[in-house]
Every structure is written in C-alpha cells, then in structure tokens.
Enquirer: 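Quick one: the structure is below, questions incoming.
Predicted, not measured: the structure shown is a model, and the values here were computed from it. Each chain gets a letter, A, B and so on, in the order the sequences are listed, and its residues count up from 1. Atoms considered below: every heavy atom in the structure, side chains included; atoms not considered: hydrogens, waters and symmetry mates.
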Protein chains: 4
Amino acid sequence: MNVQSETADKRKAILETTLELIRQYGLQGTPISLIAKNANVAAGTIYHYFQNKEAIITELHNVIREEMLAEMFTEKNEGKDFRSQFFSGWTNLCRYFIANPGSLIFIQQYNSAPHFKGIKKKNNKIPVDKFSEFFQSGMDNGYLKKMEYNLVASVVFGAIMATAKYHITGRFDYTDQDLCKIATIIWDGIKLQ
Amino acid sequence: MNVQSETADKRKAILETTLELIRQYGLQGTPISLIAKNANVAAGTIYHYFQNKEAIITELHNVIREEMLAEMFTEKNEGKDFRSQFFSGWTNLCRYFIANPGSLIFIQQYNSAPHFKGIKKKNNKIPVDKFSEFFQSGMDNGYLKKMEYNLVASVVFGAIMATAKYHITGRFDYTDQDLCKIATIIWDGIKLQ
Amino acid sequence: MNVQSETADKRKAILETTLELIRQYGLQGTPISLIAKNANVAAGTIYHYFQNKEAIITELHNVIREEMLAEMFTEKNEGKDFRSQFFSGWTNLCRYFIANPGSLIFIQQYNSAPHFKGIKKKNNKIPVDKFSEFFQSGMDNGYLKKMEYNLVASVVFGAIMATAKYHITGRFDYTDQDLCKIATIIWDGIKLQ
Amino acid sequence: MNVQSETADKRKAILETTLELIRQYGLQGTPISLIAKNANVAAGTIYHYFQNKEAIITELHNVIREEMLAEMFTEKNEGKDFRSQFFSGWTNLCRYFIANPGSLIFIQQYNSAPHFKGIKKKNNKIPVDKFSEFFQSGMDNGYLKKMEYNLVASVVFGAIMATAKYHITGRFDYTDQDLCKIATIIWDGIKLQ
DNA sequence: AATGAATGAGCGTTCATTCAT
DNA sequence: TATGAATGAACGCTCATTCAT
C-alpha cells in the first residue's frame with residue numbers, strides 16, 4: 001500500500017508539476033528535463049509512467065475536462081430552478097479557472113496550438129451533450145430564447161474564458177459580485193424576454 | 001525608391017509568410033528557416049529586418065491589433081446610432097477573424113503563451129481607451145446598463161473570440177445571420193432594459 | 001530439482017528469446033527490456049543469470065559455435081570416405097544456417113561488429129583445430145591439393161556464409177541439389193586434380 | 001572556387017571520418033557527436049550536408065559499391081582472355097577490401113544489419129547484371145561449367161569477403177600469391193573441366 | 001543589402017544497469 | 001530468487017542566431 005501510494009504519488013507529482021510549469025512557462029517552455037527536475041525524478045522515470053510528452057498533455061487535458069464538467073454540473077444544483085443552475089454553473093466554472101490558473105492556461109494553449117509538434121489531438125470531441133442538453137431544456141421549458149445551441153455556447157463559454165483570462169493576467173480583479181454581474185448580462189441576453 | 005520598395009516588400013513578405021505559417025503550423029511550429037524558405041529570402045536576411053524572432057512576433061501583434069481596431073471603428077459607422085455601431089463593430093471584428101484565421105490563431109497563441117521561450121511580452125497594455133470610451137458613452141447616453149467596462153469587455157470580446165474559433169475549427173459554420181443573432185444576445189444582455 | 005529445472009528453463013528462455021529477437025531486430029535492436037518481456041521475466045531477473053548483455057551475447061556465440069561444429073562433424077560421417085565427409089559436412093552446416101536463420105544473422109552481426117558498445121570480444125580464437133585437422137588429413141592422404149589451411153577455409157566457409165545469407169535474405173532459394181552443386185564447385189577446386 | 005572546394009571538403013571529411021569511425025567502432029558505435037568531433041565540425045553542421053544519419057550511411061554504401069564495381073571491371077581487363085579477367089577481377093576486389101578495411105567492415109555491417117534502428121534499406125537491389133553477364137558469357141563461351149549464376153556467386157563473393165575478413169582481423173596474412181592460389185581454387189571449381 | 005554555412009545548446013527519448021523490496 | 005521502478009548518460013536531431021563573404 002505504501003508502495004502503491006508512492007507510485008501513485010510519483011505519477012501524480014509528474015502531472016501536477018507539469019501543469020504548474022505549463023502555467024509558468026507554457027506548453028513549449030516546459031521541457032521534460034524541467035518536469036523531471038521539479039518533480040524530483042529522473043527524466044527516464046517519466047517514461048515509466050507516460051509513453052511520451054504527448055501522453056502527459058493528453059492526460060492533463062482529460063483531467064481538467066473532468067474537473068470543468070464537475071464544476072458546472074455539481075450535484076448541489078440538481079434541485080434548483082433553471083436560472084439558478086445557470087448562474088451557479090457559470091460562476092463555478094469561472095471561479096474554477098480563477099482558482100486554477102494552470103487549468104485555464106493549459107486549456108487555452110492546448111486549444112490554440114493545434115499543430116504543436118508532437119501533440120496530435122486525437123479525441124477532440126467536445127462532450128457537448130451535457131451542455132447542449134441543459135440549454136435545450138431551458139429553451140423547451142420557456143426559460144431561454146429559441147436558438148441554435150452553438151450561438152449560446154459562443155457567448156457563455158467565450159465569456160468564461162475571457163473573464164478568467166483577464167483576471168489571471170491581472171488586467172482586472174473580478175470579485176464574486178462581478179462574476180454575478182457578468183452572468184446577469186449573459187442571462188439577460190439569452191433568457192426569453 | 002525601387003530599392004526602398006523592394007526593401008519594404010521583403011519586410012512585408014517576411015511578416016506575411018510568418019503569419020501564414022503560424023496559421024498552418026502554430027507559433028512553435030514555425031522556425032526561422034521555414035519563414036526564410038517560404039519568403040524567398042536567406043535566413044540571415046531576416047535578421048536585417050528584425051532583431052530576432054520575437055521582434056517579428058511583436059510586430060505581427062501590433063499589425064493585427066491595428067487591423068482589429070480598424071474593423072471595429074470603421075469610419076462608415078461614425079454617424080450611426082449607438083446600437084448600429086455596436087452591431088456593425090461586433091460583427092465586423094468577428095468577420096475579420098473568420099476571414100483572417102491567421103490573425104485569430106496568432107492572437108490566441110500569442111495571448112495564451114505568455115512565456116514562450118524568447119517571447120517576452122513587454123508592452124501588454126491593451127488600448128482600452130477606444131473601446132472603453134465607446135461603451136462608456138453608451139452608458140452615459142442611456143443605451144447601456146451602468147457597469148464596469150471590464151464586465152462588458154469579457155462578454156463582448158470573449159464571444160468574438162469563441163465564435164470565430166468555433167467557426168475556424170469547423171465546429172460550427174456561423175452565417176452572417178448567426179453572427180447577428182449572437183450580437184443580439186449580447187446587446188440584450190448589456191442594453192438598458 | 002524442480003527449482004533447478006525451472007532455473008535452467010528461465011536461463012534457456014532468455015537465450016532463446018534473445019536469439020529470436022536478434023533474428024528479427026538485430027543485435028542493436030534488441031534491448032534488455034524486450035528480451036525480458038518476450039521471455040516472461042523481469043528485466044532484473046536477467047541479471048541474475050547473466051552478468052550483463054555482453055554475457056548473453058557471448059554465451060549465444062558459444063552455443064552456436066558448438067552447434068556448428070556438431071553439424072559439420074556428426075558421428076554419422078565417421079566411417080565415410082573423405083569426399084563424402086566433406087560433402088555432408090559442408091551441406092549440413094549450410095542447411096543448419098538455412099534452418100536456423102537466427103544463428104546465421106547472429107554470427108554475421110557478431111563477427112562484423114567487433115566494437116559494438118559493451119561488447120568486447122575477448123576470446124576470438126577460432127577452434128581451428130578440428131577443421132584444419134580434417135583438411136590436413138585430406139592433403140596428407142592425397143585427396144586435396146597441398147596448400148595452406150587458411151586458403152581452403154576462405155573458400156569453404158565463405159561460400160557457406162554467402163549461400164545461407166543469399167537464401168535467407170530471399171535473393172535465391174537454394175535447393176538441396178543446389179547446395180550439392182556448390183559443394184561440387186568447391187570440391188573440384190580443392191581436390192587433387 | 002575556394003569556397004566550393006572547402007564545402008566539398010567538409011562533406012567529404014564527414015564521409016571519410018564516418019567510414020573510419022565505423023571501421024573502428026562499428027555502425028552503432030559511431031554517434032553523430034563523434035563524427036562531428038573527428039571531422040572538426042559542429043554536430044549541427046552534419047545536418048547541413050546530410051538529411052540524417054541514415055543518409056550518410058546510404059551515401060557511403062553507394063560510394064563503396066561504385067568502388068567495388070570499378071575494381072572488378074577495370075578498363076585494363078577489357079582485352080584480356082576470360083580466365084585472366086576472372087583472376088584480376090577477383091584479386092582486385094579482394095585487394096581493395098584488404099587495402100580499405102573500412103569498406104569491408106562497412107559492407108558487412110550494412111548487409112548484416114537489416115534492422116538497425118533508423119536504417120531502412122530502400123534500394124537494396126544488387127547490380128547483378130554486370131557480374132551475372134560476365135559469368136554467363138563465360139558459360140556461353142565454354143570457359144565455365146553450365147550452372148545457375150547464383151551458385152557461382154556464392155562461392156566467388158563468399159570467398160572474397162571471407163578472405164579479406166580473415167586478413168583484416170589478423171587471422172592470416174594473405175600475400176598476393178595466396179590470393180592467386182585462392183582464385184585458382186575457385187577457378188578450378190567453376191571452369192569447364 | 002544579402003547570403004547560407006556554421007554553430008552548439010537544448011530537445012524528446014532510449015536503454016543497460018542497479019537496488020530496495 | 002525474482003521483481004520492476006528508478007536512474008542518468010547518451011543518442012539523433014532541431015533551430016535561433018552569428019558571421020565571413
């Protein structure tokens with residue numbers, strides 16, 4: 001058990017170190033040698049846990065996507081009315097990125113670098129279903145204007161990324177109240193008038 | 001004069017080639033040697049026109065920002081009412097990115113890679129003035145809800161980037177009508193009810 | 001005893017696996033990790049049976065040389081006349097290599113790579129005695145031209161290696177009859193006219 | 001011109017250095033870094049002249065094959081009778097390998113390492129024509145026994161390689177006279193009795 | 001102004017070997 | 001006896017940058 005947890009720790013340490021380094025130096029600015037050094041393992045050890053650098057990146061991507069989903073669709077929301085679910089989902093995800101700047105920077109770089117050498121995104125499918133289902137139900141139940149899901153998505157997710165980005169880069173410090181105001185803007189834009 | 005224009009041409013060719021290559025291969029996937037080859041100059045020649053790779057990137061950034069500003073605040077709009085100015089400004093910029101995917105990819109990569117090796121952004125100030133003045137005037141004149149400029153900016157620009165990104169990556173083909181619908185969502189969110 | 005035979009089995013499995021892998025991937029293309037995997041042992045286990053990779057190679061070399069000797073000087077031949085002994089010895093060894101391509105590839109790579117990293121051949125002496133005694137007896141008894149043993153060896157062994165190599169690499173499929181014809185060429189060349 | 005010859009020199013130096021190092025350390029024991037050091041160039045410079053390590057190997061192979069052909073079919077032989085052509089061709093090639101041990105070791109390693117990592121032989125066709133034509137003409141004109149070309153080739157080329165190998169590895173010092181004796185063995189074996 | 005040969009630090013990755021369990 | 005995680009030197013190769021011409 002001790003061994004197992006140590007093993008798990010090493011794998012986890014590599015992932016966490018990588019994410020932190022990517023936050024600081026970017027995807028390309030994070031060589032394996034630096035990951036090894038900061039995770040206190042030998043470079044070769046990394047290849048014991050991951051096939052190559054791409055595999056680390058891919059795994060980080062999957063982990064972060066799971067976390068994002070969990071933030072938006074937390075169990076606490078299940079009984080709430082649609083508007084409340086939207087507000088808490090939106091602000092939760094935004095807060096998640098603000099609290100985990102590494103995740104935001106990672107996602108942005110991952111998405112904006114479709115041609116990074118050695119990083120071929122294979123499964124780029126977005127788990128649209130959960131999101132689109134949520135908004136679709138909002139339209140069906142008379143909370144939202146009727147429109148294509150993709151039009152809503154542009155505004156909703158674009159605003160999350162931009163807000164968190166502005167916050168992280170120090171352009172503006174968004175308080176919780178500010179996040180609610182932004183969510184209100186969006187809500188006013190998408191709700192059935 | 002002939003010499004001067006040739007010089008200007010060569011400089012321009014380097015910039016344009018670089019942007020096109022970045023569109024195809026990304027910021028990191030575009031070595032100087034490839035720029036030289038595609039721009040039909042020697043690698044060393046590039047260093048006559050630019051101090052280093054970073055200088056090319058910086059200049060491209062400035063160029064693209066000028067173009068973005070020009071799209072949003074075209075002279076044609078000057079006499080129009082506020083709402084029309086917002087709509088044409090927003091859709092123009094969105095269309096600009098859709099028509100110039102290189103610019104979008106460049107901006108996204110540039111912004112999401114704050115620490116790329118050899119690329120240290122020195123002047124990261126956004127020329128907030130023109131944008132913020134525009135929205136401020138909207139609030140002062142009773143068109144928009146009163147709120148911090150940065151809250152509006154998150155939604156407005158976040159939606160532009162996301163929309164163009166979704167379009168370029170093939171996730172969804174936004175028609176002109178779709179762009180208007182998105183602009184309407186945003187307008188409904190920010191306008192004074 | 002069970003333990004002993006298991007031990008012997010494991011050792012044998014390592015050697016056999018190594019030879020098969022060398023046939024497929026060559027001396028350099030056969031890492032210890034692959035040997036371990038294919039022999040169903042842990043990498044560390046190999047170092048219980050062999051001091052290092054070189055020791056495996058050296059042992060394989062010795063094994064193959066024993067097999068080669070056994071093929072050439074089989075007991076069946078002992079009563080035969082000199083010419084028959086030559087023919088069956090030559091064709092047997094040739095057939096051995098054709099039937100055991102791994103042995104041929106191993107011997108060729110081993111002999112042609114005198115300085116492979118970590119492989120320093122210490123005892124490169126060829127057990128000339130048995131071969132040279134055989135040919136010497138042929139000369140003494142008036143079957144062969146009188147000449148230095150090494151001159152004969154060049155032709156006899158060179159032809160064996162070349163024939164088996166051509167066969168294995170698919171350049172030409174030598175039938176048993178073909179092998180006899182080649183042996184005849186050599187015999188006609190070395191016999192006392 | 002000075003520049004050109006210097007450039008040519010550098011390329012040539014890389015090839016010659018590589019061949020010499022392969023003679024000493026083998027194909028796998030010759031890293032690019034060592035070639036660079038011994039050829040007095042930077043490692044990166046090698047990639048200015050050759051696409052990769054494989055390209056150096058391939059070029060060396062082509063060069064050596066040309067030299068081998070030139071040795072066997074020198075113009076001096078053209079008027080001679082068949083037997084003399086055979087003798088001078090055989091001994092010339094043998095002497096070539098003895099005088100250029102690097103070529104022999106290279107050819108042996110190249111041929112015996114079909115799976116060396118990063119070395120995929122593409123054009124492995126043997127220019128059989130010239131050789132087979134020569135021997136065919138010998139059969140047609142009544143100098144040689146009638147038989148498949150490949151049977152002759154095994155003996156003729158096998159003996160060359162083995163003889164040169166024995167000589168180079170110090171197993172036996174073959175004099176010119178010895179080479180003639182070996183050629184005589186082969187001739188007696190293939191000639192029409 | 002323009003070239004492109006040359007550099008060498010740095011990259012991702014491999015692998016023989018060790019050693020705590 | 002057996003394991004396999006861990007090591008780190010070494011590999012082939014890339015690329016931003018320099019400089020003699």
Side-chain angles (χ1 to χ4, degrees), chain A residues 2-3 6-7 10-11 28-37 40-56 117-119, chain B residues 3-4 6-7 10 28-37 40-56 117-119, chain C residues 3-4 6-7 10 28-37 40-56 117-119, chain D residues 2-3 6-7 10-11 28-36 40-54 56 117-119:
Chain A
N2 204 0
V3 172
E6 266 182 27
T7 285
K10 205 155 269 184
R11 196 186 152 82
Q28 307 310 315
T30 301
I32 292 285
S33 56
L34 188 60
I35 298 172
K37 194 176 154 191
N40 289 318
V41 297
T45 303
I46 292 176
Y47 290 86
H48 210 76
Y49 294 98
F50 302 93
Q51 202 180 35
N52 49 32
K53 193 181 179 182
E54 182 186 349
I56 306 177
K117 205 189 312 167
I119 299 178
Chain B
V3 172
Q4 277 208 355
E6 265 183 27
T7 286
K10 210 157 266 185
Q28 307 309 316
T30 301
I32 291 284
S33 57
L34 189 59
I35 298 172
K37 192 177 155 194
N40 289 317
V41 298
T45 303
I46 291 177
Y47 287 84
H48 276 290
Y49 293 99
F50 302 94
Q51 202 184 21
N52 50 30
K53 195 181 179 183
E54 182 187 349
I56 306 176
K117 204 193 316 166
I119 298 178
Chain C
V3 172
Q4 274 210 353
E6 266 182 26
T7 286
K10 210 157 266 189
Q28 308 309 316
T30 302
I32 291 285
S33 57
L34 189 60
I35 297 172
K37 192 178 156 196
N40 291 316
V41 297
T45 304
I46 292 177
Y47 287 85
H48 275 292
Y49 293 99
F50 300 93
Q51 201 185 20
N52 50 29
K53 195 181 180 184
E54 182 187 347
I56 306 177
K117 204 193 317 166
I119 299 178
Chain D
N2 205 1
V3 172
E6 266 181 26
T7 286
K10 207 156 266 185
R11 197 186 152 83
Q28 307 308 316
T30 301
I32 291 286
S33 56
L34 188 60
I35 297 172
N40 290 315
V41 298
T45 302
I46 291 176
Y47 291 86
H48 209 76
Y49 293 99
F50 301 92
Q51 203 179 36
N52 49 31
K53 193 182 178 182
E54 183 187 348
I56 307 177
K117 206 190 312 168
I119 298 179

Enquirer: Just compare dT3(F), dA5(F), dG12(F) and give me whichever is closest to any side-chain atom of Ala42(C).
Expert: dT3(F)
Enquirer: Specify the separation, in whole Å, of atom CG of Asn52(C) and atom C1' of dT17(E).
Expert: 9 Å
Enquirer: To check you understand the geometry: which heavy-atom pair defines the closest contact between Phe50(A) and Ile56(A), and what is its length?
Expert: CG-CG1, 3.5 Å
Enquirer: Measure the distance from NZ on Lys53(B) to C1' on dT14(F) and round it to the nearest whole Å.
Expert: 11 Å
Enquirer: Below 4.0 angstrom from OP1 or OP2 of dG12(F), is there any side-chain N or O of Ser33(D)?
Expert: no
Enquirer: Between Pro31(D) and Ile32(B), name the one whose nearest nucleotide on DNA chain F is closer to the 5' end.
Expert: Pro31(D)
Enquirer: According to a strict under-4.0 Å criterion, is Lys10(D) in side-chain N/O contact with OP1 or OP2 of dA5(E)?
Expert: no
Enquirer: CD of Glu54(D) versus C1' of dC11(F): gap in Å, rounded?
Expert: 16 Å
Enquirer: Separation of Leu34(B) atom CG from dA16(F) atom P, in whole Å?
Expert: 10 Å
Enquirer: By nearest nucleotide on DNA chain F, pick out whichever of Val41(A) and Thr30(B) is the more 5' one.
Expert: Val41(A)
Enquirer: Using five pairs at each end of the helix from dA2(E)-dT21(F) to dT21(E)-dA2(F) to define an axis, what is the angle between those two axes, to 10°?
Expert: 10°
Enquirer: CD1 of Ile46(D) versus P of dG12(F): gap in Å, rounded?
Expert: 10 Å
Enquirer: Output one line per pair: protein atom, nucleotide atom from nucleotides 18-20 of chain E, and distance, for all N/O pairs under 3.5 Å.
Expert:
none

Enquirer: Rounded off to whole Å, could you give me the NZ-to-C1' distance for the Lys37(B) and dT14(F) pair?
Expert: 15 Å
Enquirer: Whole angstrom is fine here: how far is it from CG in Asn40(C) over to P in dA2(F)?
Expert: 13 Å
Enquirer: Compile the donor-acceptor pairs under 3.5 Å between side chains in residues 30-37 of chain C and protein atoms, sequence neighbours left out, one pair per line.
Expert:
residue	atom	partner	partner atom	Å
Thr30(C)	OG1	Leu21(C)	O	3.4
Thr30(C)	OG1	Gly26(C)	O	2.7

Enquirer: At their closest point, which heavy atom of Arg11(A) faces which heavy atom of Tyr49(A), and how far apart are they?
Expert: NH1-O, 3.0 Å
Enquirer: Starting at atom CD of Gln28(C), determine the distance to atom P of dA10(F), rounded to an integer number of angstrom.
Expert: 17 Å
